[in-house]
Amino acid sequence: MKKLAFMFVMAIMPIAFASCGGSDDEDGAGGNNSTPKAKVEISVSDEVVGERQIVELSVNYQTDNPNYLVTWYADGEKLNSIPKSELQYDWKAGEKGTHLIEVVITDREDVLKYEKSIEVVETELGDAIIGDNKSKIARTFGTSETNDVITYSQSSARTYKYYFTAENKLYKIYYEYAVSLSPRNRTDYMIPLTTFASGYKKYKEKFGEPIRENYTQLETSESKIVEYGGHIYSGSMYVQAVFQTSTRTAEVYVGPYKSGMGFTYSETLESR
């Protein structure tokens with residue numbers, strides 16, 4: 001009887017050991033029921049990336065080593081001069097086109113490399129694109145997100161204003177170049193109209209003929225341009241052109257300075 005009992009125990013032992021091995025696999029040891037690790041990928045904070053805009057790059061790498069080091073590259077050029085244990089990086093996009101972003105992670109003896117191609121597009125006005133998120137505009141210009149209108153002063157004379165919807169989407173961009181100037185020669189008197197002419201040409205090439213304007217009726221001789229400039233400086237004249245497409249309304253304007261002698265030139269781009 002004892003002999004039969006011993007033989008029965010020996011017979012079931014392999015089955016018991018096999019069951020223990022299966023439970024290890026379920027805990028993530030690599031069996032059929034193990035939970036796979038997430039694929040390591042580089043992500044971009046914004047779906048659309050424009051020239052000179054700042055977007056946040058991140059990589060979803062996980063490790064139990066607190067001393068890993070991360071180095072970011074754009075088109076082969078190192079972005080962070082000192083590698084840090086940070087999985088995010090604020091990248092200022094370059095010119096339009098495809099850019100290769102790479103991240104190299106040193107984790108103990110392992111050196112891991114991941115990459116992603118990012119398409120950078122042309123911006124519309126003031127390094128912005130209608131539809132941009134407020135967070136991207138604030139990040140790009142280092143301003144607060146608390147107001148519905150973000151103001152960025154490039155200099156004492158040049159100001160950009162960005163207007164947002166309740167959903168924090170950019171719907172209007174305004175650029176103003178306000179110059180305090182007492183004209184002293186013919187060139188000074190010509191500046192308001194030559195500045196306007198440059199903006200008018202740019203928007204006409206982009207949007208076609210204006211739907212409303214008072215520019216093409218003006219005479220084009222130098223003496224008349226000087227005369228028109230005098231009227232603008234004195235506050236008695238302005239020049240304007242409005243362009244429109246199925247998705248955009250744009251305006252170019254030059255007129256008197258807000259207070260005192262000078263002139264104000266502006267461009268406005270708005271969604272329809």
Side-chain angles (χ1 to χ4, degrees), residues 48 50-52 96 121-132 137 148-165 169-272:
V48 178
E51 295 177 295
R52 296 172 297 279
K96 67 178 180 179
V121 301
E122 185 177 2
T123 52
E124 295 186 282
L125 176 62
D127 293 339
I129 302 168
I130 296 295
D132 277 343
I137 298 300
D148 291 336
V149 179
I150 288 179
T151 300
Y152 170 69
S153 296
Q154 195 175 59
S155 67
S156 58
R158 300 179 187 272
T159 301
Y160 292 90
K161 291 186 177 182
Y162 304 88
Y163 297 79
F164 298 88
T165 66
K169 295 293 185 180
L170 179 65
Y171 74 90
K172 179 180 175 181
I173 309 168
Y174 174 77
Y175 163 64
E176 181 180 274
Y177 176 45
V179 182
S180 175
L181 176 64
S182 297
R184 294 171 295 181
N185 51 50
R186 294 177 68 85
T187 299
D188 287 347
Y189 279 101
M190 294 175 69
I191 290 176
L193 261 295
T194 56
T195 302
F196 179 90
S198 178
Y200 180 87
K201 179 182 178 181
K202 177 180 67 175
Y203 280 96
K204 184 178 178 181
E205 290 175 350
K206 189 170 185 179
F207 297 121
E209 293 292 335
I211 61 171
R212 186 172 67 254
E213 53 90 15
N214 64 347
Y215 174 61
T216 56
Q217 65 191 42
L218 301 178
E219 296 183 38
T220 58
S221 66
E222 182 176 307
S223 61
K224 294 302 288 187
I225 293 174
V226 170
E227 179 185 331
Y228 298 143
H231 293 319
I232 291 172
Y233 280 114
S234 66
S236 61
M237 180 179 175
Y238 72 89
V239 185
Q240 177 193 47
V242 178
F243 303 82
Q244 196 171 85
T245 68
S246 59
T247 61
R248 299 286 186 270
T249 298
E251 179 191 75
V252 185
Y253 166 90
V254 68
Y257 191 60
K258 294 179 179 179
S259 59
M261 188 68 74
F263 70 91
T264 300
Y265 168 81
S266 67
E267 297 178 17
T268 306
L269 184 67
E270 188 170 359
S271 63
R272 289 192 64 195

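For the numbers below, each heavy atom of this structure counts, side chains included, while hydrogens, waters and symmetry mates do not. These figures come from a predicted structure and were not determined experimentally.
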Please say whether more than 12 non-hydrogen atoms of neighbouring residues, nucleotides or ligands are located less than 6.0 Å from CZ in Arg184. no
Can you tell me how far CD1 of Ile137 sits from CG of Asp132, rounded to the nearest 0.5 angstrom? 4.5 Å
Without swapping roles, check the side chain of Glu213 against the backbone of Thr216 for a donor-acceptor pair under 3.5 Å. yes
Let me see the working for Tyr200 and Tyr215 under ring pair (Phe, Tyr, Trp, His ring centres under 6.0 Å), right down to the final yes or no. CA-CA 9 Å; Tyr200 180 87; Tyr215 174 61; 4.8 Å; yes
Within 6.0 Å of OH in Tyr238, more than 12 heavy atoms from elsewhere: no
Looking at every non-hydrogen atom in both residues, tell me the closest pair between Tyr162 and Gly126 and how far apart they are. OH-O, 2.6 Å
Have Gln240 and Glu251 got a donor and an acceptor in their side chains that come within less than 3.5 Å? yes
I'd like to know if the side chain of Tyr253 reaches the main chain of Thr268, judged simply by a donor and an acceptor atom lying under 3.5 Å from each other, with no hydrogens or angles considered. no
Please, which pairs that meet side-chain hydrogen bond (donor to acceptor under 3.5 Å, both in side chains) have at least one residue in residues 186-199, sequence neighbours excluded? Arg186-Glu222
Identify whether the distance between the nearest side-chain nitrogen and carboxylate oxygen of Glu51 and Lys96 falls below 4.0 Å. no
Which residues pass the salt bridge (Lys or Arg N to Asp or Glu O under 4.0 Å) test with Glu267, not counting sequence neighbours? Lys202
If the threshold is 4.0 Å, N to carboxylate O, is there a salt bridge linking Arg158 and Glu176? no
Under 3.5 Å: donor-acceptor pair, side chain of Tyr228, backbone of Pro192: no
Any donor-acceptor N/O pair, Thr264 side chain to Pro256 backbone, under 3.5 Å: yes
Examine distances only and state if a side-chain atom of Thr151 and a backbone atom of Lys161 form a donor-acceptor pair shorter than 3.5 Å. no
Treating Thr245 as the side-chain partner and Thr247 as the backbone partner, does any N or O pair qualify as donor plus acceptor under 3.5 Å? yes
Would you sort out whether Glu124 and Ile130 count as a side-chain contact (heavy atoms from CB on, under 4.5 Å), showing the intermediate values? CA-CA 7 Å; Glu124 295 186 282; Ile130 296 295; 3.4 Å; yes
